[in-house]
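A short write-up of the structure that comes next.
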Amino acid sequence: MGIRLKRTHAVLRRERGEKPCSGRTAFTLIELLVVIAIIAILAGMLMPALSKARTSALRTSCLSGTRQLTLAWQMYADDNEYLVENYHFDQDGTVNQYAWVRGSMDDNPAYGQVETGVLDSTNTHSIVLGRLFPYHASTDIYRCPSDRSQTHGVPRVRSYSINGWMGGRPLAGQDAYRVFRKQSDLVAPPPSSAFVFIDEHEKSLNDGWFAVDMLGRWGLLDAPATRHGGGYNLSFADGHAQFWKLLDQRTLSWDTLPISNTPSNPDWEQLRQAASSLR
C-alpha cells in the first residue's frame, strides 16, 4: 500500500509539471554573492577594531618594558647611591665606561666608539656592557615591540633613552637647571612627575641620552616616538609609566631635528616640565 501511494504521488507531480525532489539543496549564484558581500562588510567592520586592539596590546607591552627598565634603574641607585650615568662621553672626550648603555643606535661615524658588530645598533653587546643590564638580564625589554626600525636589514636592539637631566650633564648655557645625581635630588619635579625612560623616535635615537632643551631655544633636540598611534610611552622616577599623546603636528611629522619651538610646541613644554627645573 505504501509503495502504491508513493508511485501515485510521483504520477501526480509529473502531471502538474513538478520536478522530482532529489533531497538535496544548493545556493544559487545570487545567494552566494549576498553571503560573500555580508562577510566582506562584517570583516570591514571588525578590522579597525582588531587593529586598534593590537595597537593597544603593543603599547601595553612597551609600557611594561619601560617599567622594568625603571625598576633596574631604581635598584642601581639603591646599590650605588648615585643614579646610573647617562652621558655618553666623559669631559675629556673619552667614552664613558659607566653609562647605562653603550654605543649608538644610528651608527653615525661621528660616534667614534662604535665598533661594528660590537657596539652598533644591531648587537646586544651595547646593552650587555651597560651598567643597568646586571639588574635585569634581558635584552628584550630594551626594544619597543612596535619598533620596526632596522640597520642594513637587521632589527635594532634598543628603542629607549633616558632623560638627559637624570645622571647626565646640562646643555650648554643651561647650568641653572638641575642635573639629578641621586634619588634624593628629585624634588622639583618630584619622582611621580620626573620622567626617566622615553620611547624615542627611530630617526632620533642615537646614544642613550635624550636631550631636553629647558630654555626652548632650539625646540625638540631629540624626538619622542610616534609609533603608538601618534604617541609614546615614558616612565617616571617613582616607577610608574604613562602613554602621552602627541599634540603638535610638527612633532608628529618631521624631517630634520631640532623640531621647531616657534610658536611654542606643547609637546616640548610637556617634556620640559617633566625633565628638570631651575635650581
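These numbers come from the heavy atoms of this one structure, side chains and all, not from hydrogens, waters or symmetry mates. As the structure is a prediction and not an experimental result, all values here were calculated from the model.
Each salt bridge (Lys or Arg N to Asp or Glu O under 4.0 Å) pair with one or both residues in residues 254-277, not counting sequence neighbours, appears once here: Glu269-Arg272. Pairs of residues two or more places apart, or lying in two chains, that qualify as salt bridge (Lys or Arg N to Asp or Glu O under 4.0 Å) and include a residue from residues 177-192 are Glu81-Lys182. Contacts classified as salt bridge (Lys or Arg N to Asp or Glu O under 4.0 Å) and involving residues 123-146 (residues at least two apart or in different chains) are not found.
Listed by chain and residue number, nothing satisfies the side-chain hydrogen bond (donor to acceptor under 3.5 Å, both in side chains) test with Arg67 (two or more places apart in sequence, or in another chain). For Leu71, the side chain to side chain contact (heavy atoms under 4.5 Å, CB included) partners two or more places apart in sequence, or in a different chain, are Gln74, Met75. Every residue two or more places apart in sequence or in another chain was checked for a ring-ring contact (aromatic ring centres under 6.0 Å, His included) with Phe195, and none qualifies. Contacts of Ser149 classified as side-chain hydrogen bond (donor to acceptor under 3.5 Å, both in side chains), with partners at least two apart in sequence or in another chain: Asp147. Annotation: side-chain hydrogen bond (donor to acceptor under 3.5 Å, both in side chains) contacts of Gln68 (sequence neighbours excluded): Ser64, His136. In terms of the ring-ring contact (aromatic ring centres under 6.0 Å, His included) criterion, residue partners of Tyr76 (sequence neighbours excluded) are, by chain and number, Tyr135. Considering only residues two or more places apart in sequence or on other chains, Ile38 meets the side chain to side chain contact (heavy atoms under 4.5 Å, CB included) condition with Val34, Leu42. Partners of Phe133 under the ring-ring contact (aromatic ring centres under 6.0 Å, His included) rule, at least two apart in sequence or in another chain, do not exist in this structure. Legend: residues meeting side chain to side chain contact (heavy atoms under 4.5 Å, CB included) with Pro134, ordered by chain and number and at least two apart, are absent.
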